Every structure is written in C-alpha cells, then in structure tokens.
Protein chains: 2
Amino acid sequence: MASANHRLAAFFLAVIVSSLASSPGAAWDVKLEIDDGMPLIHMLRPLLSSAAGNLARRRNSNYGVPCDSWRFAVETNTIRDWATIPASCEEYVGNYMLGGHYRRDSRAVVDEAIAYAEGLELAGEGKEVWVFDVDETTLSNLPYYAKHGFGVEPYNWSTFGAYVEESSAPALPETMRLYERLKELGIKPVILTGRREDKREATAKNLASVGYTGYHMLLLKPQDVKLHSVEFKSGERKKLEDAGYVIVGNIGDQWTDLLGEPEGARTFKLPDPMYYVA
Amino acid sequence: MASANHRLAAFFLAVIVSSLASSPGAAWDVKLEIDDGMPLIHMLRPLLSSAAGNLARRRNSNYGVPCDSWRFAVETNTIRDWATIPASCEEYVGNYMLGGHYRRDSRAVVDEAIAYAEGLELAGEGKEVWVFDVDETTLSNLPYYAKHGFGVEPYNWSTFGAYVEESSAPALPETMRLYERLKELGIKPVILTGRREDKREATAKNLASVGYTGYHMLLLKPQDVKLHSVEFKSGERKKLEDAGYVIVGNIGDQWTDLLGEPEGARTFKLPDPMYYVA
C-alpha cells in the first residue's frame, strides 16, 4: 500500500501542476540542474513541467493558432514581419527557450553543420570562410529576453541597446562548438551582424569575453544607412566572394541572415521563436 | 473514496500506456474520431496517445538527434539530401502525421496564406497566379506512406508510381481551403509538379476527383530530362513571369518547391517530415 499511496501522491502532484498551468501569465524558477549535460545559458528554468507545457499548448489550440504550429510557421519563414509573439504563447515560448527543447534543436543544427564541414575538401589556400550572425547565434540574449517576456513585449531599441553595451551576453554553447571545430579544420569565421557600427566595441568585447577569438572579420551595419537585413547581409557576402573568399557555410537564427544571393554553399537555421528581423 | 479510486485507476492506466510506449516498433489503429473538427485524410490513427508520443520522443533523445529536433532541422532546410527518416523516428513521424499535429501545422500555414491573399490589391487584369505543388500539397499521399513506414523505407519509384496511377490520393483539406478562397478572390491557381508528363492523365484525374477544378495550368516535368526540382520549378516560374503573370504566392511542402528566383512574392512551407526531394 505504501507504493500505491506514493503513486496516489504523485497523481495529486500532477493535478496540482496541471492547475498551476491554468493560472494566467508564466512563472519561472531558478534552474538547478543541467539538461542532457548541456551547459546552461541562463539560470532561469520553467517552473512548470513539460507536461504542464503540453497542457498549456493544448489549451491554446482552442483559440487561434496553437503555439507549436505558430512556431512551425515562423521557423519556416511562412509567418513574416511579426512584431511580437502571440500573447497566449509567452508561456510556451518561455518553456521552449528555457527548457531543453531550444538547446536540442540548436544541437541538431550544429551537429549537421559540423558533419558537413568535416566532409568538405578545402583547397588549401585559406579562402574558405563561414559566416556567423551574432544575436541568437554566436551570442544568446536569453538573459535579456527572459526579463522581457520572451518576445511578448515590442522590441525596445533603448533597453536592448543598453543591454548590448553591457557586453554581458553568454555564448550559445552549440554555436561555440561549431566555431571551434571550424577553426581546427582551417575554415575562417566571419562575423556578420545587423548591429550597427556604434556597437562594434561592445560586440567585440562581448565576443572575446565568452571565447570567440581568432575570427577573420567582424562586419557590422553602417551607422546611418537604411538597409534591410537581406540587402545588407547579401551585399556583404557578395563582397566576400568578389574578394576571392568561398562561403562554405552560413549560420543564423533569422531567414534574413540566410536568404539573398550569394547565400553560401549551405545555410544553417538556428531556432528563434522570440523575434523577427526584417 | 470512489473519486480517489477513480484517480488511482487513471494513474495505473497512464502507467500501462507508458509501458506500451516502450514496445519496439510503431502500432496503428483505425481512427474513429475527428481531431479538432478537421476532416480526416486517412483512417489510421496512432494507437498510442500523444502522451505516449512524448515519452517516445524523450526516449529517442537519449541517443542521436531527438526526432522533434531532427524535424526542426529538416523543415528549416538545414538537414538536406536525406534518403529516409531515421529508423528510430518512424513512431514519432507516424504520430505526427496521423495525429492532429500535422494538420494543425498545415492549418497555421494556410491561415497565414489566406490572410495574406485577402490583403492583396489585385490589378484587375487577371494576371495574378498562385503556384501549388502536388504531392503533400494539393494531394496527400498519407494512404501510401502509412503503408510504407512514413518515410522509413527508401523511395520506391515502382510502387509509388503504381499508387499515382490509381488517382486515389485524397486532398490535403487545408490546401483545398486555400485553393477555393483564391479562386473566389480572383487569383488563378497554377499547379506545378515534379511528377513527369507520363503522369499527367492520372494526376489531372486525381485532382478533379477530389475537387480541384478550374485551375489555370497544370505543369509537369518533361519526361526524359534530368532536372533538379529547383531548376525545373524556378524555370517554370520564370516562364510565367515572362508571360506577364504575377506570382503572388507559392505553396509547397519541399524547400525545392520554394527556392530559386523567381520564388514568388511570398512562399508558404507546408510540413513534410516524410521525404526529401532534391
């Protein structure tokens, strides 16, 4: 009976967790454990279990687009030009970002990128480069977005700009693993970001402080020019090719990092359900 | 106590379902209910509950890439040129395709496409067209793939060709909804498929039998020419534009339906974790 009572207690606990999932807004707790041996990006963890996340997801499916299908359409570049995540998806996106799911998805992308890079035959002249985006690619802004509703608040130039000036963003560990492997293989990292030139020092300092050393170039957007991301980034990639470089890979969290000729021989799309860059 | 016993029974049922999820291979049962009011494509349903699907997913995460992260990387065009789904993901993909998830994801895509189309201002000269792929877009081959492991078996020209000749594929209901709405709006559907010319009659017959009537063109691949999908389809889109048509939208389940200039003003990526077309 001790065993049956134990199970009964577990069941009631599940009911309590389920009822928590019905409370409005999301709740977060300090994370104590590491998922699947992956280093943490951020100390917050979802307060609710993934089972509760599933309940929330199912609840969301009763009105509008369910959050996991919204994420599918966002990640495949079908839903574009959105300013904020759906308010009903804050809890879902928070669970996704802070739970293991975001990290597992990132790992699948980087595993594929490394397998691809290891299979390349380099010409031996040091002309092969790999283009990396910064935000949500080399660096993770989870410490910022965890305080700002995971994309439920409209983008705020002022507060995000102040955060960038702190140079405090952690690395996305999966991207760091790719970066190190590419350097070992002799493929030169080129950092290409939509951050403006006035953030060059803060960005370089941040990259160095988390271990991104030895990159070939750090390319930022000119200060006062209006340019959409695709125009700017494809233009810079064109300049690289015109200068004799071969872009063997291109990794970013936004489709606007990846689209626009020349795209690079292969593109690698990291997850980002928090914001859209036009 | 009756209530507590009831809960105890529910808990044991959950344990039994969990243990079922540990049995090797996938199991499917005839579907009796309709999910979320969506018409069925296929009468099979996952034998295991979605809770069991989650358990299976978690189990898969212990070795290799977990199936949901594999699907993320496939759907975002990061993992390419794959011949079959991972053997360990047959159950996951089967659950995804036959449960509500595939249909919810398709609905999110079509809802976005319809909202976009309704916001267009047409020139009034009848030159606006929308490009539709066939397999896993206008038509669903789930009846075939449910018998062939949901992509775990290598593609078989002979058996799939025989299936196409039956002209028996159901419509993907979400795509049909988009198709009908576009016709109401005055946007002309153009069907563009990688199926070869020898399948024209069977394809036209199948499309008509499930209700795709009144399309502007049905374009198939020439019989004996070696052409990758991107070359063929972007070439056909170029011809459409050269003939004065405006491609306002382009929908397909493969990235090779959508990439390659001219892509169309907007692309809409339907889910397909079962196969890859180069």
Side-chain angles (χ1 to χ4, degrees), chain A residues 4-5 7-12 14-15 35-36 50-51 53-54 57-58 60-62 64-82 100-113 115-116 251 253 255 258-261 263 266-271, chain B residues 4-5 7-12 14-15 35-36 50-51 53-54 57-58 60-62 64-82 100-113 115-116 251 253 255 258-261 263 266-271:
Chain A
N5 281 340
R7 281 168 180 160
L8 198 59
F11 179 74
F12 279 116
V15 170
D35 291 309
D36 297 341
S50 67
N54 288 336
R57 205 146 50 230
R58 224 168 297 148
N60 284 332
S61 77
N62 293 332
V65 175
C67 298
D68 56 352
S69 294
W70 172 83
R71 183 169 68 86
F72 172 84
V74 159
E75 293 289 18
T76 52
N77 205 26
T78 287
I79 296 181
R80 302 182 188 179
D81 293 309
W82 45 283
H101 202 164
Y102 171 61
R103 301 294 297 283
R104 286 199 307 276
D105 287 356
S106 301
R107 186 163 57 183
V109 173
V110 164
D111 285 352
E112 180 71 8
Y116 160 74
I251 189 165
D253 62 300
W255 279 101
L258 305 177
L259 296 177
E261 294 189 4
E263 299 173 348
R266 275 280 296 265
T267 59
F268 297 88
K269 169 72 177 77
L270 285 166
Chain B
N5 282 340
R7 281 169 180 159
L8 198 61
F11 179 74
F12 280 115
V15 171
D35 291 309
D36 298 339
S50 67
N54 287 338
R57 204 144 52 228
R58 225 168 297 149
N60 284 330
S61 77
N62 292 332
V65 175
C67 298
D68 56 353
S69 295
W70 173 82
R71 183 170 68 88
F72 171 85
V74 159
E75 293 288 19
T76 52
N77 206 26
T78 287
I79 295 181
R80 301 183 188 178
D81 293 308
W82 45 283
H101 202 164
Y102 170 62
R103 301 295 297 283
R104 287 199 307 276
D105 286 356
S106 302
R107 184 162 59 182
V109 173
V110 163
D111 285 352
E112 180 72 9
Y116 160 75
I251 189 166
D253 63 299
W255 279 101
L258 305 177
L259 297 177
E261 294 188 4
E263 298 173 348
R266 276 280 296 264
T267 59
F268 297 87
K269 168 72 177 79
L270 285 167

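When reading the values below, keep in mind they use all heavy atoms of this one structure, side chains included, and skip hydrogens, waters and symmetry mates. In this text the structure is predicted, and so the values were computed from the model without any measurement.
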For the pair B/Ser69 (side chain) and A/Asp105 (backbone), establish whether a donor and an acceptor sit closer than 3.5 Å, ignoring hydrogens and angles. yes

Heavy-atom proximity to chain A below 4.5 Å, by part of B/Glu75: both

At a heavy-atom separation under 4.5 Å, does B/Leu259 approach chain A through its side chain, its backbone, both, or neither? side chain

Measure across B/Ile79 and A/Arg266 and return the closest heavy-atom pair with its distance rounded to 0.1 Å. CA-NH2, 4.4 Å

Heavy-atom nearest pair, A/Trp255 first then B/Thr76, reads CH2-O, 3.3 Å

Under 4.5 Å between any side-chain heavy atoms of B/Arg104 and A/Asp68, yes or no? yes

Can you tell me if A/Thr267 and B/Arg80 form a side-chain donor-acceptor pair at under 3.5 Å? yes

Compare all side-chain heavy atoms of A/Lys269 with those of B/Asn77 and state whether any distance is below 4.5 angstrom. no

Examine whether an atom of B/Phe72 lies under 4.5 Å from a heavy atom of chain A, and if so say whether it belongs to the side chain, the backbone or both; otherwise answer neither. side chain

